[in-house]
2 protein chains.
Amino acid sequence: MEVHQVVSGAGGESGMARCGAGLFSAAGKVRRALVAFGAKLAKIARDDPRRVAHSLKVGLALTLVSVLYYVRPIFINWGVSTMWAVLTVVVVMEYTVGGTLIKGLNRAFATLLAGFIAVGAHKVAYLCGNNGEPVVLAIFVFLLASAATFSRFIPEVKAQYDYGVTIFILTFSLVAVSSYRVEELIRLAHQRFSTIAIGVATCLFTTIFVCPVWAGEDLHNLAAGNLDKLADFLEGLESECFRENAPGENLESKPFLQVYKSVLNSKASEDSLCNFAKWEPGHGNFYFRYPWGLYQKLGALSRQCASSMQALASYIITLTKSQYPEANMELCLKVRTACGEMSLNSAKALRELSEATQTMTAPSPARTHMSAAIRAARGLRAELSQDADLAKVMHVAVIASLLSELVTQTKKIAESVENLARVARFKDPEDAQKDVVISVVS
Amino acid sequence: MEVHQVVSGAGGESGMARCGAGLFSAAGKVRRALVAFGAKLAKIARDDPRRVAHSLKVGLALTLVSVLYYVRPIFINWGVSTMWAVLTVVVVMEYTVGGTLIKGLNRAFATLLAGFIAVGAHKVAYLCGNNGEPVVLAIFVFLLASAATFSRFIPEVKAQYDYGVTIFILTFSLVAVSSYRVEELIRLAHQRFSTIAIGVATCLFTTIFVCPVWAGEDLHNLAAGNLDKLADFLEGLESECFRENAPGENLESKPFLQVYKSVLNSKASEDSLCNFAKWEPGHGNFYFRYPWGLYQKLGALSRQCASSMQALASYIITLTKSQYPEANMELCLKVRTACGEMSLNSAKALRELSEATQTMTAPSPARTHMSAAIRAARGLRAELSQDADLAKVMHVAVIASLLSELVTQTKKIAESVENLARVARFKDPEDAQKDVVISVVS
């Protein structure tokens, strides 16, 4: 009987049970999403633990600065201007020491300069009487803001002083506009500048003395890492394509064919790191005025190398997809061996260059691998030129092959544009013609 | 006599004259520098007149907002909070409509959210008594600032809400900290939010209604321009290398060999334009929720094509530098003709795809050129495969040639690292060895 009751009871409450199950599964989904999110955060933190340190540093700097506000004697002296210290910390604090330095200096100097000019503008406007003053001030704000905004389009200004120009416009407008109401202008400007200086000093203190992240070091590691990635590609190529029993299949999914891609896109972060590094004081093995620009040159060469690798990779992938007669003649084997030597030795040379860069030791051993690679290339060229007919047609055939690669890529571009035209509903060319005819007729 | 006097006088004043001449030449230098600077500014303005319009728009928006401050009734209502409208305009105003929209929305929502949380934090801290309050507030600021800063390392947050997070930290710290002193917290928060809303509204008004610059339109033009540059390269290649009486000399200085470089570096601006475009309302031929992501795909293909062009270009330059036997056999001429056809037809196809994208008409005519290029490539392949030996060795020879290109580039990288090692005074490897020995011995 009890069993029966329980069963019928369960039947009666099936709506509630379903509802409960639904809630349960929803809770499960939320829990899974939260776990996935937590795993993602943990991965971000594990990938570079300095990120956690940076987050705590921002919290620390802000807390330090806000203490100013809680301490009564300081508050009475500076009043609401203390806010500017908080504001400065939030906007100036950057991940790297160089970034914080640039922003801090930009902020301090731009504030000073704009303050002086604004006080001058106020004195001029004051001469124009009570009614004229706001008009003159508005004209000044308009002219200076427009000129300063235009200056940001100059590439040199954009690269180094973009933030400074923003602060210049901001401070000038704030001081010029409020000068119309605030009587003790000079005292206010002085207060604001000292609070900003305190904010900048707090930022610099925490970024430099608490687990510093140096842009220069990051730039250095980026350069060495790029060389490593290039070496990875060549090693993968050797083991997958040129070894005696190399599989040469399913190449597309191999990781070595993807590794050069991050090198191709490294320009933006390299440029900004270099920009920051130039401002950093000496640290570790890097002295002040270290030749950071050379890393940019090295990066440009690495990227060019990576783009040749991309061309080579796409050629190889096309080749493995199409059926072509297995070439088993003697020359072919020779070429293959030479290819293997070229890629292996270049990879070794790059690996040693990367290590030399990383450890900052002069790269003497790279030479032997480098010359082995060059010897292999030269030997192959000599080998091929023995067959005069072949040598003659070789070069132009290489260009033809590369060009037919380009044709394939152009075809892909055409398909992409056609897809865009379909999805974005481009006009039909015939309709467009009709439109023209109609408009001409009417 | 007079002549003599004048001459002797001139002799006596030669110091002053020299000084005057020096001043004169210095003034000349300054004038020349100013003229050069003016020319540079004029060029920046001429290259894109919208830059001038943008500068004037920033001036206009600031002037509009500062009028708030001059009008007495508004000032009495809002007090010093009016400043926040000025501040908002300066930091939110961006070059494109989408950029301004993202920043404005980020600012408004982050301020609202942070304001609510901060008021909550204030209520909690209030319960802890007079002495506990600042400590609890400081802990809150530390925790929230650290957590929010860490969230910026999540790629999705970084891409869309980076500015919002900054504003969140800023507002939370400002409100939480000042809540300790300011009694009328809610009124203050309300004032601040309405002034910020006014600032954002002013920015949006000026960016949308006064000569708007649409990120979507720029992205569209960038995509079409990239295709044009690829076509330029192929056209230049055809006319300089594959025509019957093509010069084929001094290729390195030709502009067509540089034109693909800007395509290679277009990723960063493409990504940010796409990000902005997604937020823009419909304008011109672009409706809201236009498939902007497809432009990124097209851009990725264009960049891959450009990197194949770079590989081809560097191969051709190496070839023209080295002496190789003039190949005048029949096959060579055929290959050359086929190359010319491939590049010319691909160029035409790209040109028409670019025009179709630009005018937003479906690209039907591209097909004829495209298929002509494909036919030329296929014909060449058939031609080459008639010579069985040649066909067999061709593919592997192409790879070998590309690899020997890579060897050359690796050599350049090695030289670059060696130069770096010399300039940055890397340790001598032998000294490093000694250091190790010494440290092991001791």
Side-chain angles (χ1 to χ4, degrees), chain A residues 44 51 55-56 58-59 62-63 66 69-70 86 90 134 138 142 145-146 149-150 153 169-170 173 177 268 291 294 298 301 305 307-308 310-312 327 335 339 342 346 353 360-362 370 373 377 392 396 398 400-404 407 409-410 413-414 416-417 420-421 423 426-427 429 432, chain B residues 44 51 55-56 58-59 62-63 66 69-70 86 90 134 138 142 145-146 149-150 153 169-170 173 177 268 291 294 298 301 305 307-308 310-312 327 335 339 342 346 353 360-362 373 377 392 396 398 400-404 407 409-410 412-414 416-417 420-421 423 426-427 429 432:
Chain A
I44 290 173
R51 289 168 176 167
S55 308
L56 297 177
V58 172
L62 261 180
T63 317
S66 61
Y69 202 79
Y70 302 131
V86 175
V90 174
F142 179 79
S146 302
T149 306
F150 189 72
F153 291 110
I169 302 176
L170 178 64
S173 320
V177 168
L294 290 179
L298 180 58
L301 287 172
C305 200
S307 94
S308 293
Q310 188 167 41
L312 183 58
V335 172
C339 280
M342 282 195 280
S346 297
L353 288 171
M360 299 182 81
T361 40
M370 199 63 251
K392 273 180 191 161
V396 78
V398 171
S401 310
L402 286 175
L403 258 178
S404 74
V407 170
Q409 283 171 1
T410 309
I413 290 180
S416 169
V417 172
L420 174 69
V423 177
F426 280 10
K427 313 188 266 282
Chain B
I44 290 172
R51 290 169 175 168
S55 308
L56 296 178
V58 172
L62 261 180
T63 316
S66 60
Y69 201 79
Y70 301 131
V86 174
V90 174
F142 179 79
S146 301
T149 306
F150 188 73
F153 290 111
I169 303 177
L170 179 63
S173 321
V177 168
L294 291 178
L298 180 58
L301 287 172
C305 199
S307 90
S308 293
Q310 191 168 39
L312 184 58
V335 172
C339 281
M342 281 195 279
S346 297
L353 288 170
M360 299 182 80
T361 39
K392 275 178 190 163
V396 79
V398 170
S401 310
L402 285 176
L403 258 178
S404 74
V407 170
Q409 281 171 2
T410 310
K412 274 189 204 156
I413 289 180
S416 169
V417 173
L420 174 69
V423 177
F426 280 10
K427 312 188 266 282

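Both backbone and side-chain heavy atoms feed into the values below; hydrogens, waters and symmetry mates do not. Numbered from 1 within each chain, the chains take letters A, B, ... in sequence-line order.
The side-chain contact (heavy atoms from CB on, under 4.5 Å) test applied to B:T149 returns A:H54, A:S55, A:V58, B:I169, not counting sequence neighbours. Scanning for side-chain contact (heavy atoms from CB on, under 4.5 Å) contacts around A:L170 gives A:I167, A:L174, B:L87, B:V90, with sequence neighbours left out.
Taking both residues in full, the closest heavy atoms of B:S146 and A:G59 are given as OG-CA, 3.7 Å, listed atom of the first, atom of the second, then distance.
With chain B as partner, the option from A:A377, A:C305, A:A145 having the largest number of non-hydrogen pairs under 4.5 angstrom is A:C305. Chain B forms the most heavy-atom pairs under 4.5 Å with one residue out of A:L403, A:L62, A:T63, and that residue is A:L403. Heavy-atom pairs under 4.5 Å with chain A were tallied for B:S66, B:A373, B:A268, B:P291; the largest tally goes to B:P291.
Of the possible donor and acceptor atoms, none in the side chain of B:R51 sits under 3.5 Å from a partner among the backbone N and O of A:F153.
Both the backbone and the side chain of A:A311 come within contact range of chain B, judged by heavy atoms closer than 4.5 Å.
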